Amino acid sequence: MSEPKMSRDGAFIGASVRRREDPRLLTGAGRFVDDIELTGQLHAQFVRSKVAFGRIVGVDLEATRATPGVVAALSADDLVMAPIAALLDRPFEQFRPTEMPVLAHDTVRFIGEPIAIVVARTPYAAEDGVEAARVEYETFDAIVSADAALSQGARLLHDGAPDNVFVDVSLFDTPGLDDAFERADQVVEMTIDSGRQNALPMETRAALAEWDERESQLVLHTPTQVPHLVRTATAASIGVPERAVRVIVPDMGGGFGLKCVVGREEIAVAAAAKRIGKPVKWIEDRKDALTASFLAREQRYVARAAFAADGEFLAFECDVVCDMGAYSCYPFTAGIEPLMASGEMPGVYRLGAYRVRGRAVATNKAPTAPYRGVSRPQYVMLLEQIMDQAGRQLGMDPLDVRRRNLITEFPYTSINNITYDPGSYLESLDLCEQMVREEGWFERQAEARAEGRHIGIGFACFSERTGYGSSAFAARKMLVVPGFDISDIRMDLDGTVTVTSGTMSHGQSHETTMAQIVADGLQLDISRVKLHQGDTDRITYGFGTFASRSAVIGGSAVQLAARALGEDLLEIAAHLMETNLDNLELRDAAVHRRDTPEERLTFEEIARVAYMEAHRLPKGVSPGLHATASFDVTNDGTFSNATQAAVVELDPDTGAVKILRYFCVEDCGVAINPQVVEGQARGGIAQGIAGALFEEVTYDTNGEPSCASFMDYCVPTAMEMPDIRLAHLETPCIYNETGAKGAGEGGTIGAVGTILGAVNNALEPTGTLLERTPITPRAVHAALTGGTR
């Protein structure tokens, strides 16, 4: 069957169509989990550990059960739930399998770990019941750093994780590395640390579960990025078939990776609702969100880099240690950060020899989940500081060091065995530098330094691997292998189209961008397209939204499904109009004849035949208008790329860092909706700046988290955000249907290294180099005054 023929260029792909979600969300008509009220609904909260590390001696819930309004108080002894086990198919010396109980029953491993669930008639009664619970512990010394966890004689968090290591991999050790260091003209040594962060979506985690007696099905409403994976884990834990669990995601207020893993609270709420027989709702409060939810980013990179006199990047070795907290997240495991870092360095740079070791270490902190960028903000920060330092040591312009080593010929297979598809690495650097120069910032910096002011300019070049397919996740040896996505599409009698996707929007405008893809594919107006997502009963399986996969993989599945539906429309029309397929084209929600353009069949007319007059259909064509398609990336995925630059000024009196200007040149392939892409870039840059300058979760020696409210966890506001100038390049993806490369994480990936590079550039006259984020005013002040940091 031939491909549907377009009579014109697409009207919607590439257009900044106004977001279709906005009227609903901006007028308060959005429907989030906490907006849903069910008949007989009860409310849940969790009894959580008050110690970081200890053995549970006893759990006394009698006073809780006697609390007015409390309906049930259930511990691990009352709710039989299989533990959550995230697994890699790697030998034991590389991966140590451990389990995360849904409710802790013998050992607690971080403050805030759930021990029991309290269900009551009101949220306030549930909180009172939590306060009445009594848990007795035998406490152990808390392990609150990776160094302490790895130290000789440290107590093990898990019997199955010797030396408190979840993952220990040495993915690359190429020949010639030691020789390269021997013949190098300059060797750069650097240790980079990044602080622990909270992804901090506006909507906290939540769950509302009810037992549907008619369907014999547990219905779980939850704001997750991965509804099918939540269904799989919940069914396995509570011991029911997958069809007996339905996961529905209403509107969702952000995720950023935090919600692409399965939380134990979701499963406990589902189990409690099934046992009690009434709907149970849990809304995570902000304190628990800040202290007991999944965290990320606490990493250390100890690196050496060898350079020739002309700036050639000869060799690189790195030891990566990631503090993953107390448990391994499902389905990505505790390997998510060290495997990403080890497998994807050296990023955008050509390299002769590479050696890396990556470890995921267990500590008495809330566990780690993916967070926007997953290790790439950290290793890009490392590599960009190395490029800057190499320039200083070689007496070269650091931008020329980058140019000497950037990948410029494509496809390019790197030292890490990844093949990079065509991109614009050098072009983005050149354009970004041009933007900085044409605004006169280099001259203004020189003038400011002559006046004794501390202005710095920093750059970061990077790529963002997006659209990881099944083969990429299989290479990590994951037993749950995300990758493909499926799309269903149908046309109704009135010619309107409903498309269902396995992706899950948490703010990325899928209702708009997916509709743009369908509207162009079928040549009808976007107002006639409706998207469904986030319901496991509507589509066979999907892997949700993370790793910038929605447009790359989910969008390609949607486009293929729309194409298949278009083929069906053409086939039916060819039969009804007594002509051949090559004489037909889709245009203006109708099928037109090419030889007599005024002769047409509207989609409504074709749909009427397909549904109401099936006897008129061509032989072998089934009634109805419905198509299904799937898409997977069979190569190494695709790479967006960008260069970012920042201009900062340091206050010598307070150590404050003020961002004067920010630049970003990005290439995410075909921008389905440029306005949405710009929003992604600006939001990502804001989160990167937050990690560079403001946000950090710290712990005292007892494992008590320092940030129980926004009084302690420093979140930047619009007042701290700089003016951002954006420019776009476009190198379409050659491996998928949409040409899009993904844009969800790039802003964050580059911003941390850009800001650190700018601060260090401002500090060059002092001879001080900062190597840790967030960059605190104390550290800057000490560097400027020669004091102690």
Side-chain angles (χ1 to χ4, degrees), residues 1-15 17 20 421 466-469 483-491 496-505 508-526 528-533 538-540 542-545 548-571 585-587 589 603 625-635 637-638 640 668-674 676-677 730-744:
M1 195 176 291
S2 67
E3 181 176 327
K5 294 177 174 57
M6 301 298 184
S7 64
R8 57 178 171 80
D9 292 334
F12 294 106
I13 291 179
V17 175
R20 304 173 75 198
D421 61 335
T466 73
Y468 293 78
F484 70 86
D485 240 296
I486 298 172
S487 177
D488 288 334
I489 191 169
R490 73 168 191 269
M491 181 173 284
T496 59
V497 173
T498 300
V499 60
T500 304
S501 173
T503 62
M504 185 60 237
S505 177
Q508 301 95 324
S509 312
H510 289 184
E511 290 178 44
T512 304
T513 54
M514 295 298 187
Q516 289 178 255
I517 293 171
V518 173
D520 270 359
L522 291 174
Q523 295 290 278
L524 77 169
D525 192 79
I526 191 173
R528 305 185 74 178
V529 182
K530 173 67 177 177
L531 173 70
H532 281 303
Q533 58 183 346
R538 284 186 179 270
I539 199 160
T540 309
F543 285 105
T545 293
S548 301
R549 70 188 302 275
S550 293
V552 179
I553 295 177
S556 293
V558 165
Q559 190 168 61
L560 288 171
R563 185 178 299 166
L565 181 60
E567 290 173 346
D568 291 344
L569 290 166
L570 287 167
E571 183 175 3
E585 64 181 1
L586 301 175
R587 176 161 48 89
F603 287 170
L625 288 169
H626 173 264
T628 299
S630 64
F631 183 81
D632 196 354
V633 176
T634 56
N635 61 313
T638 185
S640 297
C668 63
V670 173
I672 295 170
N673 187 314
V676 168
V677 168
E730 184 176 296
T731 309
C733 176
I734 61 175
Y735 298 126
N736 68 1
E737 297 299 314
T738 64
K741 291 185 171 183

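Fair warning: this is a prediction, and the values are worked out from it, not measured in the lab.
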Minimum-distance pair of heavy atoms, taken over all atoms of [X] and [Y]:
{"X": "G554", "Y": "M514", "result": "C-CE, 4.0 Å"}
{"X": "S640", "Y": "G742", "result": "OG-O, 2.6 Å"}
{"X": "V558", "Y": "S501", "result": "CG2-CB, 4.3 Å"}
{"X": "D568", "Y": "L625", "result": "CB-CD2, 4.4 Å"}
{"X": "Q533", "Y": "H510", "result": "OE1-ND1, 3.3 Å"}
{"X": "R528", "Y": "L524", "result": "CB-CD1, 3.8 Å"}

Which residues share a side chain to side chain donor-acceptor pair (under 3.5 Å) with [X], sequence neighbours left out:
{"X": "T628", "answer": "D488"}
{"X": "Q559", "answer": "none"}
{"X": "D525", "answer": "S527"}
{"X": "S509", "answer": "R19"}

pair [X]-[Y]: side-chain heavy atoms closer than 4.5 Å:
{"X": "V633", "Y": "T638", "result": "no"}
{"X": "V670", "Y": "E730", "result": "yes"}
{"X": "Q508", "Y": "T503", "result": "no"}
{"X": "K530", "Y": "T496", "result": "no"}

Straight-line distance of I517 CD1 to L531 CG, nearest 0.5 Å: 10.0 Å
From NE2 (H626) to OG1 (T498), nearest 0.5 Å: 10.5 Å
Which residues share a ring-ring contact (aromatic ring centres under 6.0 Å, His included) with F484, sequence neighbours left out: F543
Partners passing ring-ring contact (aromatic ring centres under 6.0 Å, His included) against F603 (at least two apart in sequence or in another chain): none
Set of residues satisfying salt bridge (charged side-chain N to carboxylate O under 4.0 Å, His left out) with respect to R20, sequence neighbours excluded: none
Which residues satisfy the side chain to side chain contact (heavy atoms under 4.5 Å, CB included) test with [X], sequence neighbours excluded?
{"X": "T731", "answer": "P422, S424, D667, K741"}
{"X": "T540", "answer": "I486"}
{"X": "S556", "answer": "F631, N736, E737, T738"}
{"X": "V17", "answer": "F12, A15, T512, Q516, I526, N673"}

Expected output: side-chain R549 to main-chain G483 donor-acceptor under 3.5 Å: yes
Stepwise side chain to side chain contact (heavy atoms under 4.5 Å, CB included) check, S487 with L560: CA-CA 8 Å; S487 177; L560 288 171; over 6 Å; no
Full working for side chain to side chain contact (heavy atoms under 4.5 Å, CB included) between L522 and L565: CA-CA 8 Å; L522 291 174; L565 181 60; 3.8 Å; yes
